[in-house]
2 protein chains.
Amino acid sequence: MDDGSAEHARQKLVAGAADMIRRRGLTATSVRELAKHADAPLGSTYHYFPGGKAQLAAEAIAYSGNATAAILARELERGPLDGLRSFLIMWRKIVVDTDFRAGCPVLAVSVEAVPEADGPPRAAAAAAFAQWTGLLAGSLCDHGAERAAAERTATLIVAAVEGSIAMCRAHRSTDPLDRIADSLEVLVRTATEPTREGAS
Amino acid sequence: MDDGSAEHARQKLVAGAADMIRRRGLTATSVRELAKHADAPLGSTYHYFPGGKAQLAAEAIAYSGNATAAILARELERGPLDGLRSFLIMWRKIVVDTDFRAGCPVLAVSVEAVPEADGPPRAAAAAAFAQWTGLLAGSLCDHGAERAAAERTATLIVAAVEGSIAMCRAHRSTDPLDRIADSLEVLVRTATEPTREGAS
DNA sequence: GTCTATACGAAGATAGAC
DNA sequence: GTCTATCTTCGTATAGAC
């Protein structure tokens with residue numbers, strides 16, 4: 001039973017790290033405050049994560065990336081267009097619900113070339129981006145898109161969404177996210193109906 | 001002549017801040033190291049920038065945003081497509097020349113909701129994004145695009161470029177930036193030739 | 001195995017010597 | 001006006017008591 005609560009405490013730290021990185025970025029996320037927020041002693045943090053902050057960050061990024069990928073994969077089952085829309089709505093909800101104070105932890109880690117962010121955390125960020133891009137590209141391929149075009153479109157979607165999340169936070173407005181929606185939908189339609197043969 | 005060298009020292013601090021924020025983000029950029037890098041005593045920093053780190057950061061963001069805008073405006077004179085290409089090449093050069101260790105300082109500030117980043121720095125970031133988007137949208141309008149479509153396309157370009165810069169850093173590869181290029185060019189062509197009437 | 005107490009350095013900012 | 005020396009707080013990480 002200790003296993004259960006111990007793993008729970010560990011998980012709480014990872015989830016808390018993801019949330020804090022999402023808001024402040026990695027450097028501004030202190031292990032101290034993280035432990036306090038998770039009601040865990042500071043020492044426990046280094047017991048669960050011998051690799052220190054870097055390990056904690058890497059697991060937080062992987063956790064967050066996988067959670068997003070799971071939702072994306074589920075929504076993509078209804079087709080690439082529905083997947084795209086859900087993806088946009090999901091991020092929109094995060095920035096709105098936090099009054100533009102939170103964004104994407106994967107993005108945050110990717111723009112901080114601090115020693116502790118290199119290595120595991122950066123690798124986890126790259127894996128998350130690759131996972132999301134791969135899911136989108138796969139769905140586009142499944143719906144008639146050519147391989148190369150699918151990868152290009154998927155990359156553009158991920159890049160545009162990430163960039164617009166940051167722009168929304170800077171502007172304290174959802175306009176950037178809302179404005180890219182239409183163009184991305186057009187791109188998805190174009191990619192999945194290359195010859196415009198009148199698919200459903 | 002003291003004016004000249006004093007202003008030079010000030011400018012050196014601003015440029016150094018922009019460079020450091022570009023690489024590490026705002027939180028990991030210390031005023032101490034900044035002063036050392038600019039060969040200025042720590043006290044001088046607070047003499048030039050009474051507002052402390054926040055003021056320094058805000059000026060660094062504005063400086064960087066204006067520099068980018070100046071280049072973008074110049075290249076856009078040859079048309080939106082040439083402007084887009086130059087924009088992409090410019091960012092590509094930054095990430096490649098620094099071995100993927102530097103990105104966009106405006107983006108970095110936008111994803112760090114730390115107290116010192118709110119206020120002036122965040123406002124400067126929003127202004128930079130708005131300036132770039134405005135320049136692109138204006139050029140698209142000048143070349144036949146409708147107002148709303150121009151703004152959507154311009155926003156998508158800025159968002160996609162910013163996002164792909166972060167992805168390039170995470171992957172340590174220029175693939176993301178290279179992959180979005182084609183799609184963005186198609187979007188610009190579509191926006192400026194809405195009825196496909198065979199413009200020059 | 002868990003956690004308190006602490007080591008050690010660096011952060012932002014300032015006071016006061018030149 | 002310029003800058004050195006310092007104050008205070010907070011960072012990561014650990015040692016050693018329970």
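In this text, all values refer to a predicted model and were calculated from it rather than measured experimentally.
- A salt bridge is defined here as a Lys NZ or Arg NE, NH1 or NH2 lying under 4.0 Å from an Asp or Glu carboxylate O, and A:R85 with A:E75 fails to meet this definition.
- Residue B:T45 is classed as having no contact, given no heavy-atom separation below 4.0 Å to the nucleic acid.
- Between B:H47 atom NE2 and D:dC3 atom P the separation is 9 Å, expressed in whole Å.
- B:F129 and A:H171 have tilted rings, their planes meeting at an angle from 30° to 60° on a 0 to 90° scale.
- Rounded to an integer number of Å, the gap from OH of A:Y48 to P of D:dA13 is 18 Å.
- Atom CG in B:L34 sits about 13 Å away from atom C1' in C:dA11, given to the nearest Å.
- Straight-line distance from the NZ atom of B:K53 to the C1' atom of C:dA10: 12 Å, rounded to whole Å.
- Straight-line distance from the CD atom of A:E112 to the C1' atom of D:dG11: 15 Å, rounded to whole Å.
- With contacts defined as side-chain heavy-atom distances shorter than 4.5 Å, the pair B:E162/B:W132 qualifies.
- Between the CG atom of A:L13 and the P atom of C:dC3 there is a distance of 11 Å, given to the nearest Å.
- Nucleotide C:dT2 holds its P atom 13 Å from the CZ atom of A:F49, rounded to whole Å.
- Across all strands shown, A:G43 has heavy atoms under 4.0 Å from base atoms, whether or not it also approaches the sugar-phosphate.
- For the OP1/OP2 pair of D:dA13 and a distance below 4.0 Å, the side-chain nitrogens and oxygens of A:Y46 include at least one atom meeting the criterion.
- Among the protein residues, A:T29 comes within range of the sugar-phosphate backbone only, with heavy atoms under 4.0 Å from sugar or phosphate atoms but none that close to a base.
- Atom NE2 of B:H37 sits in a sparse spot, with 12 or fewer heavy atoms from other residues, nucleotides or ligands closer than 6.0 Å.
- Across the protein-nucleic acid pair, B:R32 atom CZ and C:dT14 atom P stand 14 Å apart, rounded to whole Å.
- The side chain of A:S44 contributes an N or O atom lying less than 4.0 Å from OP1 or OP2 of C:dC3.
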